[in-house]
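Within every chain, numbering begins at 1; the chains are lettered A, B, ... in the order of the sequence lines, protein sequences first and strands thereafter.
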2 protein chains.
Amino acid sequence: MNKKYTIKDIAQLAGVSKGTVDRVLHKRGKVSQKALDSINAVLSEIDYEPNLIARNLKNNKIYTICVVLPDPAYDSYWLPCIKGIEEAIKEFKAFNLTIETHYFDPESSKTFLDVNEIVVDRAPDAVLLAPLFYKEALGIVEKYIKKEILVNTFNNQVESNEIRNFVGQDLHRSGRVAAKLMASISQKGQIAIIHIAEKFKNAIHMQEKEKGFRSYFVEKEDSIYEIISLKLKRTNYEAKLTDFLTENPKLSGVFITTSKAYQIVEIINEAVNDKISIIGYDLLEKNITLLNNGKIDFLINQNPKQQIYLGISFLVDHFIFGKELRNTTFLPIDIVNSENASYYME
Amino acid sequence: MNKKYTIKDIAQLAGVSKGTVDRVLHKRGKVSQKALDSINAVLSEIDYEPNLIARNLKNNKIYTICVVLPDPAYDSYWLPCIKGIEEAIKEFKAFNLTIETHYFDPESSKTFLDVNEIVVDRAPDAVLLAPLFYKEALGIVEKYIKKEILVNTFNNQVESNEIRNFVGQDLHRSGRVAAKLMASISQKGQIAIIHIAEKFKNAIHMQEKEKGFRSYFVEKEDSIYEIISLKLKRTNYEAKLTDFLTENPKLSGVFITTSKAYQIVEIINEAVNDKISIIGYDLLEKNITLLNNGKIDFLINQNPKQQIYLGISFLVDHFIFGKELRNTTFLPIDIVNSENASYYME
DNA sequence: GAACAAAATGTGCTCGAACACATAATTAAA
DNA sequence: TTTAATTATGTGTTCGAGCACATTTTGTTC
């Protein structure tokens, strides 16, 4: 990969002008067989790679990317995304690029639709979307596509051929990771899967995690574990949880499928005397505190910051450097304990 | 960050020519106070960011980067590095860049010196070095600096003001992560730290890991653990290990500070009847097999591939886009079990 | 105020790809 | 063979930063 050839070099070697080489490279036709042959002969011998820097200099279009995600004020799971966006802006500010952030309320599908309506009207070149509401997302993707706006997603997977790119985690696998961890630290007994959500049916991600978690133990064919699940809503979850704990006094482990572990860990600790293993999700400040004082054993990092940063950089690579968009990028399922947490928080 | 201003724009706004703006931006002097003021006034109002693409078009120098690392044929820990280099070459092939790989024998400081001598003579723009031999590395760094060759390191940290950049892991912290894991899965008893190396005194990285591991238990002030360490050499390590195991029959956990866990796990399993917790390093094929069939509990990923890839991309960002080199980049200390391993192996 | 030096400022070219447009070569029709 | 139509090929300009060089302005001295 030593000498870098230019179009001019190829033209010279093939004995034609750079215009003709350009037509061959871009298959614009209007080239004689003779010229085509001699240029192809040169191309097959050298390793021509167009200079991306020169190619993009000419392209003085300013690309606009809109990022649509839940307002971190409602759910601090999304807080790291702000940093991710800021980093991306800083990293790419020297290119012709505008990045806009648009928030919606994660518990209101109406605000989701509204904000996307606004973004459609802004007519950006691409949207990076956290499609929390499955059905609504499908509809809104249609609208984007009709206006020829590129749609990529992160965090939540939505099955659609129109979506070019997804960055997130394999949730089924993520449940399996939790299960394996649980088996490592809790030798036997009852294990509870606890979901905390308003509408469980809409929360496909929790269902996937539960399936993954259970699949691990099914494959293990180990009768020393008994898996039970519990769904909690925001209203009156304390009472329901306390009841559950008195009904199941032999609990040895709890797997919480959302980032809300901090809401219930203290309640569990007060109600149960024995050591109980707790595995949750995400490095929220409150979870980290519980991790550090030993009340949570492991957290699984879904890495929202990296998700959004990568989502943006794929778009930049696509627009600025003409790179292809790969279809799905599954981020690693990071296992976090008190000692390595800092590296995933920055 | 909407409109992108160019030098021409600034010149127009300040009522001067682009040459004068250029002189101000680069502090080349020869500018009147009046012109300076008006240009500064414009600069303070707008957010000028030079177009990196245009800046680098002119710079038609071909940068050469030499990567110096142990030959993976001797130690397959380094195998992923090949992939990392290949990915970097692919990613950056459109820029004016040549990446050369040079191997040495990880057990021979002579080959280390020899290959670096060759690289010095090749006079690249930068070297990315795995400085396995501390003392020798310091000497060779001097030589590079004298020839104005930029030196960055990865994997092993060497204290030197001449080294601009290091990518690797905080080994002390990495030992602590292992300790915390050990405490999670092994409730009590004797725990062994096992080093496998020819020259322990030279192997600072193992010492750091041991210190970190012990520091965790010291802070915990938990008398239910007893930590003992053992050094093994390649010759006759089986006998020495077997002796050690008979002398310490109550062993409940083993922490292996190198990627060589696969060499001793089977021996341990044959000699010990009780469940013994094993934590090792790095995703070598043989380690992964043992992880998958439950004979290793956790592996800590040092991510050599990512280390080398990042090391190269920092250099590219520096040369091609004029980015500053940050001093030290500590990669996350990834905890790996059978369920999430695939994400760290690609 | 002329003559000259020094400082300040402006102009024009380069990098490589892309594409519009001008010109040359070839073929078809008269 | 001439003319027009078609096809093939070459030329020139653009993008933004950077820098060499030309030109203008200012300052100094006799």
Side-chain angles (χ1 to χ4, degrees), chain A residues 1 3-40 42-43 46-63 92-97 319-323, chain B residues 1 3-40 42-43 46-63 92-97 319-323:
Chain A
M1 62 176 293
K3 162 90 174 116
K4 277 280 179 285
Y5 291 91
T6 69
I7 286 187
K8 223 168 116 189
D9 294 328
I10 298 171
Q12 209 158 20
L13 288 168
V16 294
S17 75
K18 67 197 179 83
T20 307
V21 176
D22 180 74
R23 273 181 284 270
V24 172
L25 289 173
H26 293 84
K27 291 174 186 146
R28 288 197 237 273
K30 305 204 170 180
V31 175
S32 68
Q33 193 61 42
K34 195 181 134 201
L36 184 68
D37 289 345
S38 63
I39 291 170
N40 276 334
V42 173
L43 286 177
I46 67 165
D47 183 25
Y48 174 69
E49 200 63 45
N51 184 326
L52 293 184
I53 287 175
R55 168 177 287 174
N56 284 286
L57 180 58
K58 189 67 194 299
N59 185 3
N60 56 348
K61 174 169 166 42
I62 296 177
Y63 291 95
F92 304 124
K93 70 178 165 185
F95 301 108
N96 289 327
L97 208 67
F319 285 133
I320 307 292
F321 294 116
K323 298 253 171 86
Chain B
M1 62 174 292
K3 161 91 173 116
K4 277 280 179 285
Y5 290 92
T6 70
I7 286 187
K8 223 168 119 190
D9 294 329
I10 298 170
Q12 209 159 19
L13 288 167
V16 295
S17 76
K18 68 194 183 85
T20 308
V21 176
D22 180 74
R23 273 181 285 271
V24 171
L25 289 173
H26 292 85
K27 292 174 185 143
R28 287 196 237 273
K30 306 207 170 180
V31 175
S32 69
Q33 194 62 43
K34 196 181 133 201
L36 185 68
D37 290 344
S38 62
I39 291 170
N40 276 333
V42 173
L43 286 177
I46 66 164
D47 182 26
Y48 174 69
E49 201 61 47
N51 184 326
L52 294 184
I53 285 175
R55 168 178 287 173
N56 285 285
L57 180 57
K58 187 67 193 298
N59 185 2
N60 54 351
K61 174 170 167 41
I62 296 177
Y63 292 95
F92 304 124
K93 70 178 167 185
F95 300 109
N96 290 326
L97 209 65
F319 286 132
I320 306 291
F321 294 117
K323 298 253 171 88

request  = Show the numbers, then the answer: is there a side chain to side chain contact (heavy atoms under 4.5 Å, CB included) between A:Asp22 and A:Leu25?
outcome  = CA-CA 5 Å; A:Asp22 180 74; A:Leu25 289 173; 5.6 Å; no
request  = Check whether any side-chain nitrogen or oxygen of B:Thr6 sits under 4.0 Å from OP1 or OP2 of D:dG16, and answer yes or no.
outcome  = no
task = Using only heavy-atom distances, decide whether a donor-acceptor pair under 3.5 angstrom links the side-chain of B:Arg23 to the base of D:dG18.
result = no
query = Does A:Ser32 have a side-chain nitrogen or oxygen under 4.0 Å from the phosphate oxygens OP1 or OP2 of C:dA25?
reply = no
note = Whole-Å distance, B:Asn51 CG to D:dG16 C1', equals 6 Å
key: Residue-phosphate contact under 4.0 Å: A:Tyr48 side-chain N/O, C:dG16 OP1/OP2   = no
inquiry  = Counting only heavy atoms from other residues, nucleotides and ligands, does the tally under 6.0 Å from NZ of B:Lys34 exceed 12?
reply    = no
inquiry  = Strictly below 4.0 Å: does A:Thr20 bring a side-chain N or O up to OP1 or OP2 of D:dA8?
reply    = no
message = How many whole angstroms separate atom CD1 of A:Ile7 from atom P of D:dG10?
response = 14 Å
inquiry  = Rounded to whole Å, please give me the gap between CG in B:Leu43 and P in D:dA17.
reply    = 12 Å
request  = Would you check if the side chain of A:Asp9 reaches a backbone N or O of A:Thr6 as a donor-acceptor pair within less than 3.5 Å?
outcome  = yes
query = Once you round it to whole Å, what is the distance between C1' of C:dT9 and NZ of B:Lys30?
reply = 11 Å
request  = Specify the residue among A:Gln33 and B:Ile53 whose closest nucleotide of DNA chain D lies further upstream toward the 5′ end.
outcome  = A:Gln33
ask   = Rounded to whole angstroms, how far apart are NZ on B:Lys34 and P on C:dG10?
value = 10 Å
key: Rounded distance in Å - CG (A:Asn56) to C1' (D:dG16)   = 13 Å
remark   = note: A:Arg55, atom CZ; C:dC15, atom C1'; distance rounded to Å ~ 16 Å
task = Name the residue closer to the 5' end of DNA chain C, choosing between B:Lys58 and B:Ala35 according to the nucleotide with the nearest heavy atom.
result = B:Ala35
ask   = Looking only at heavy atoms, which two atoms of A:Arg23 and A:Val31 are closest? And how far apart?
value = CB-CG2, 3.8 Å
request  = Say whether, by atom type as modelled, one donor and one acceptor occur between the side chain of A:Lys4 and the main chain of B:Lys93 under 3.5 angstrom.
outcome  = yes
task = Mark yes or no for a side-chain to base donor-acceptor pair under 3.5 Å between B:Lys18 and D:dG18, with no hydrogen or angle criteria applied.
result = yes
task = Kindly point out which of C:dG10, C:dC19, C:dG16 is positioned nearest to the side chain of A:Asp22?
result = C:dC19
query = What is the distance from CZ of A:Arg28 to C1' of D:dT7, rounded to the nearest Å?
reply = 17 Å
inquiry  = Measuring from the side chain of A:Ala54 (C-beta onward, heavy atoms only), which nucleotide among C:dA17, D:dG18, D:dA8 has the closest atom?
reply    = C:dA17
